[in-house]
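Structure record follows, encoded as structure tokens.
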Amino acid sequence: MCTDYEKAVDILTSREKFYINLGLERISKILELLKNPQENLKIIHIAGTNGKGSVSAILSSILTEAGYNTGLYTSPHIIKYTERIKINNINISDKIFAQLISEINEKAQKNNIYLTEFELLTAAALKHFSDNKTDICILETGLGGRFDATNAISQNLCSIITSISLDHTDRLGKTVEEIAFEKAGIIKPGCPVIINSDNAGFNVIKKRACLKNAPVITPQNKVTLKFQNNTNYAVINNVSYKFNLLGLYQKENLELAYEACRNLKNFNITSDAIHKALEKVFWPCRLQYIEKYNLILDGAHNPGGAEVLKESLDYYFSDKKRIWIYGSLKNKDYQSSVKILFNKKDEVYLYDFKHPNHASFDELSKNTEGKIYTADTQQIRKLLTRSELKIIAGSIYMLGEILKNITELDNIY
């Protein structure tokens, strides 16, 4: 029997919606018909190549612990669409999600507005946050910034630009400067922009911010990370906080999130709230370690992500032999990623997942050195019993498929 949630998924994944068509005209029209719910919201808007989700998760955890009714909109999901829309870190219910998708889709059809999947989800998120009177919400861009559906908002409390590197070059540009220009599109007149000073796109971002009289803020409270007795800590202003997100790259993400909290006006965020938030913050499939299986899950889907994953593995697990399960989409630069990730002594299992745009075993193996094998769910189950460090990395779509199909992993997400 088809549930209402499954009907909503059918709408989202139908042929006429499951594609990318950047632009703000359609999303603006549907939001107007919904009485512009975004105008009722206080928004932190986040763009960048890597780190957007981590910064969003850290901010959501801190603001929720500080007692604020906090909305969070991220993408992509790993298993269910409802993961993308949260209030106080709790997924939207299947019932409300299905109602929103159905209502918005029907309204769009009646008015000849041809929404994409992401536009429909964005409209649903903004309406849900408005309906529930959130005190603040965090919006992560889906692709780029300038023409991303989340950019239909007219103002924000601040923009955050995370690290920028080459990704989606077919849509955003062939150089870091071109990509940075697209990300800078979320900057709003007079609204602060928070960015690390060593961001590869810093000069482009600063120039765009100046044109909009938007102050550029770089984090002043440097974070250091330490790993002692199998416990991860973040040190801010000489205060140590247990930090539930592994990864050396989380240093920069935490600096951005912390600076955003410092610059929020009329929000009271205590040290105690930060302590609790950092200890429990959870962002799945980003250097997520499952001790029971000596297993890492990570969505390193581009060379920038591969570099920071390799750096963190060398830091936390330098003495461990590595077994990889890897898969990628065709439109990603997997040729560079596999060269960064794998050593000749590693065992590498290439996974053919079901996404229509996945890179095949033959495509991946041409660029991969070392001992190469094919992987399926049965093979992965066998690998879980081995003592070596296992790393399932690459496409988030692949990670979602594996988590869905391997029952041994169904309690870790």
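This is a predicted model, so every value here is computed, not measured. The first residue of the sequence shown is numbered 1, and numbering continues consecutively from there. Computed over heavy atoms, backbone and side chain alike; hydrogens, waters and symmetry mates excluded.
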Are [X] and [Y] side-chain neighbours, meaning at least one heavy-atom pair lies under 4.5 Å?
{"X": "Leu63", "Y": "Ile269", "result": "yes"}
{"X": "Val348", "Y": "Val338", "result": "no"}
{"X": "Lys206", "Y": "Asn203", "result": "no"}
{"X": "Thr82", "Y": "Asp94", "result": "yes"}
{"X": "Leu287", "Y": "Leu245", "result": "no"}
{"X": "Asn50", "Y": "Val308", "result": "no"}
{"X": "Ile274", "Y": "Tyr258", "result": "yes"}
{"X": "Asn294", "Y": "Lys390", "result": "yes"}

Rounded distance (nearest 0.5 Å) linking atom CD1 of Ile96 with atom CG of Asn91 |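 Ile96 CD1 to Asn91 CG: 12.0 Å, rounded to 0.5 Å.
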
Euclidean distance, Ile340 CD1 relative to Leu309 CG, rounded to 0.5 Å |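 It comes to 10.0 Å.
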
Take Tyr81 and Leu12, measure what side-chain contact (heavy atoms from CB on, under 4.5 Å) needs, and give me the verdict at the end.
-> CA-CA 9 Å; Tyr81 277 96; Leu12 290 165; 3.8 Å; yes

Verify, without hydrogens or angle tests, whether [X] (side chain) and [Y] (backbone) share a donor-acceptor contact under 3.5 angstrom.
{"X": "Asn302", "Y": "Gly305", "value": "yes"}
{"X": "Asn36", "Y": "Glu39", "value": "no"}
{"X": "Thr385", "Y": "Lys382", "value": "yes"}
{"X": "Asp376", "Y": "Gln378", "value": "yes"}

Would Val235 and Phe243 count as a side-chain contact (heavy atoms from CB on, under 4.5 Å) if you check the C-alpha gap in whole Å, the side-chain angles of each, and the deciding distance to 0.1 Å?
-> CA-CA 9 Å; Val235 183; Phe243 188 29; over 6 Å; no

If you draw the axis of the six-membered ring of Tyr5, does the NZ or CZ of Lys80 fall within 45° of it and under 6.0 Å from the ring centre?
->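 Checked: cation-pi criterion met.
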
Before giving the answer on ring pair (Phe, Tyr, Trp, His ring centres under 6.0 Å), spell out for Tyr73 and Phe129 the whole-Å C-alpha distance, their side-chain angles and the decisive distance to 0.1 Å.
-> CA-CA 9 Å; Tyr73 178 53; Phe129 297 152; 7.2 Å; no

Test side chain to side chain donor-acceptor pair (under 3.5 Å) applied to Glu347 and Tyr349, step by step = CA-CA 7 Å; Glu347 286 182 44; Tyr349 293 81; 2.9 Å; yes

Ion pair present between [X] and [Y], side-chain N to carboxylate O less than 4.0 angstrom?
{"X": "Glu255", "Y": "Lys251", "result": "yes"}
{"X": "Glu65", "Y": "Lys276", "result": "no"}
{"X": "Lys310", "Y": "Asp298", "result": "no"}

Hey, mind stepping through Ile85 and Leu100 against side-chain contact (heavy atoms from CB on, under 4.5 Å) and telling me if it holds?
-> CA-CA 12 Å; Ile85 303 172; Leu100 284 169; 5.9 Å; no

For Lys212, look at atom NZ and say whether over 12 heavy atoms of other residues, nucleotides or ligands are found less than 6.0 Å away.
->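 Check passes, neighbour count above 12.
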
Is Glu32 atom CD crowded by more than 12 heavy atoms from other residues, nucleotides or ligands, each under 6.0 Å away?
->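 No - once you tally the heavy atoms of other residues, nucleotides and ligands closer than 6.0 Å, there are 12 at most.
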
List the atom of Ile101, the atom of Ala124, and the distance in Å for their closest heavy-atom pair.
->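 Answer, listing the atom of Ile101 first, then Ala124: CD1-CB, 4.0 Å.
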
Search all heavy atoms of Leu350 against all heavy atoms of Ile372 and return the closest pair with its distance.
->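 Heavy atoms of Leu350 and Ile372 come nearest at CD1-CG2, 3.6 Å.
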
Residue pairs involving residues 211-236 (criterion ring-ring contact (aromatic ring centres under 6.0 Å, His included); sequence neighbours excluded) |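 Counting only pairs at least two positions apart or across chains, the ring-ring contact (aromatic ring centres under 6.0 Å, His included) contacts touching residues 211-236 are Phe227-Tyr316.
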
Taking it one step at a time, do Glu401 and Lys404 satisfy salt bridge (charged side-chain N to carboxylate O under 4.0 Å, His left out)?
-> CA-CA 5 Å; Glu401 182 177 309; Lys404 212 181 282 186; over 6 Å; no

Determine, step by step, whether Leu41 and Ile153 satisfy the side-chain contact (heavy atoms from CB on, under 4.5 Å) criterion, reporting the C-alpha distance in whole Å, the side-chain angles of both residues, the deciding distance to 0.1 Å, and the verdict.
-> CA-CA 9 Å; Leu41 302 174; Ile153 63 173; over 6 Å; no

Let me see the working for Gln379 and Thr377 under side chain to side chain donor-acceptor pair (under 3.5 Å), right down to the final yes or no.
-> CA-CA 5 Å; Gln379 181 67 55; Thr377 52; over 6 Å; no

Distance-only polar pair, side chains of Asp148 and Thr150, donor-acceptor under 3.5 Å =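 A pair is found: one side chain offers a donor N or O, the other an acceptor, under 3.5 Å apart.
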
